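The residues of the chain are indexed from 1 along the displayed sequence. If you're wondering where the values come from, they're calculated on a predicted model, not measured in any experiment.
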Amino acid sequence: MKKLIIVLVALTMALAANAQFEKGKWYGGASLSGLNLSYSSSSKLCLDFNAVGGYLIEDNIMLLANVGIDTNDNYTDLSLSLGGRYYIIQNGIFLGANVGVKQVDSERHNDVKAGIEIGYAYFICRNVTIEPSIFYDQSFKSHKDYSKVGFRIGVGIYL
């Protein structure tokens, strides 16, 4: 009897998780990176805030739009990017990629960046997630000065 109950609970959880990344769902989220959790040679302390919106165009495939502000000891930059996520086998692990433009205030230049990330969407309730991820942003203006590797923590809502 215990085995049957465990199987039923596991099946119910699998079906509930499966419904989270299905076609037609909307996503809204915010993430924070910094407090020395990311590294770039142009700064010692970096604080990043991103607002993200998305839509699941197919099961497990999400298109994203991102607006961000990145402040540190040398400059503040604003960013706009478009990207996507692929959720692996409905377990919450995702792979992401994006391309965007950043404007660095101190030098008044634009920089095109491409980024990748791997993360995990951990559901704390039916529609809300905590999303830790590791990311890499490649700068096309100056790899040495503006490319960045870091850790990001976010909160997401799936509607």
Side-chain angles (χ1 to χ4, degrees), residues 10 12-40 42-105 110-141 146-159:
T12 303
M13 290 174 67
L15 291 174
N18 189 27
Q20 300 304 328
F21 308 118
E22 66 187 6
K23 179 180 178 177
K25 289 216 177 219
W26 289 92
Y27 170 81
S31 65
L32 181 67
S33 174
L35 304 173
N36 290 335
L37 297 177
S38 64
Y39 177 77
S40 168
S42 66
S43 68
K44 303 289 187 260
L45 175 65
C46 179
L47 185 61
D48 244 342
F49 176 75
N50 292 294
V52 183
Y55 182 74
L56 281 139
I57 59 169
E58 290 292 329
D59 288 355
N60 302 327
I61 300 174
M62 181 187 299
L63 291 180
L64 296 168
N66 185 350
V67 176
I69 185 167
D70 179 2
T71 61
N72 62 50
D73 50 353
N74 294 332
Y75 58 87
T76 298
D77 61 354
L78 303 173
S79 65
L80 294 171
S81 65
L82 295 174
R85 276 187 186 173
Y86 175 69
Y87 292 91
I88 301 172
I89 315 172
Q90 299 289 332
N91 62 8
I93 296 174
F94 62 84
L95 301 173
N98 64 62
V99 175
V101 177
K102 286 195 174 197
Q103 182 198 13
V104 179
D105 285 344
N110 290 331
D111 186 8
V112 175
K113 289 193 171 186
I116 58 172
E117 74 176 318
I118 184 167
Y120 180 67
Y122 176 75
F123 282 87
I124 57 176
C125 66
R126 182 172 171 81
N127 296 330
V128 179
T129 57
I130 301 292
E131 299 177 347
S133 66
I134 297 171
F135 69 92
Y136 174 72
D137 286 335
Q138 168 67 49
S139 169
F140 289 103
K141 180 163 182 70
Y146 299 115
S147 293
K148 190 185 320 185
V149 174
F151 175 76
R152 180 179 292 137
I153 188 81
V155 176
I157 300 172
Y158 293 80
L159 303 172

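In this structure, Tyr136 places its OH atom where more than 12 heavy-atom neighbours from other residues, nucleotides or ligands lie under 6.0 Å away.
Once rounded to the nearest 0.5 Å, the distance linking CG of Leu95 with CD1 of Ile88 reads 4.0 Å. Phe135 contributes atom CZ, which lies 14.5 Å from atom CD1 of Ile118 (distance to the nearest 0.5 angstrom). Of the inter-residue distances, the one linking Ile134 atom CD1 with Phe151 atom CZ reads 7.5 Å to the nearest 0.5 angstrom. The CG atom of Leu56 sits 9.0 Å away from the CD1 atom of Ile61 when rounded to the nearest 0.5 Å. A distance of 11.0 Å separates OH in Tyr27 from CG in Leu159, rounded to the nearest 0.5 Å. Between the CG atom in Asp137 and the NZ atom in Lys113 there is a gap of 5.5 Å [rounded to 0.5 Å].
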Practice task
Show your reasoning for whether side chain to side chain contact (heavy atoms under 4.5 Å, CB included) applies to Ile153 and Ile130.
Solution key: CA-CA 7 Å; Ile153 188 81; Ile130 301 292; 3.8 Å; yes
Practice task
Decide side chain to side chain contact (heavy atoms under 4.5 Å, CB included) for Leu80 and Val101; before the verdict, give the C-alpha distance in whole Å, the side-chain angles of both, and the deciding distance to 0.1 Å.
Solution key: CA-CA 6 Å; Leu80 294 171; Val101 177; 5.6 Å; no
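When every heavy atom of Ser133 is checked against every heavy atom of Gly119, the shortest pair comes out as CB-CA, 3.7 Å. Considering all non-hydrogen atoms of both residues, Leu64 and Gly54 come closest at CD2-CA, 3.8 Å. Across all their heavy atoms, Met62 and Tyr158 have their closest contact at CE-CE2, 3.7 Å. Taking both residues in full, the closest heavy atoms of Ser79 and Asn50 are given as OG-OD1, 4.5 Å, listed atom of the first, atom of the second, then distance. Closest heavy-atom contact between Asp59 and Lys23: OD1-N, 2.7 Å.
A 4.5 Å side-chain heavy-atom check between Thr129 and Ile124 finds every atom pair outside the cut-off. Counting heavy atoms from C-beta outward, Lys102 and Val112 have side chains that stay 4.5 Å or more apart.
At least one cation-pi condition fails for Arg85 and Phe21: the charged atom is not both under 6.0 angstrom from the six-membered ring centre and inside a 45 degree cone around its axis.
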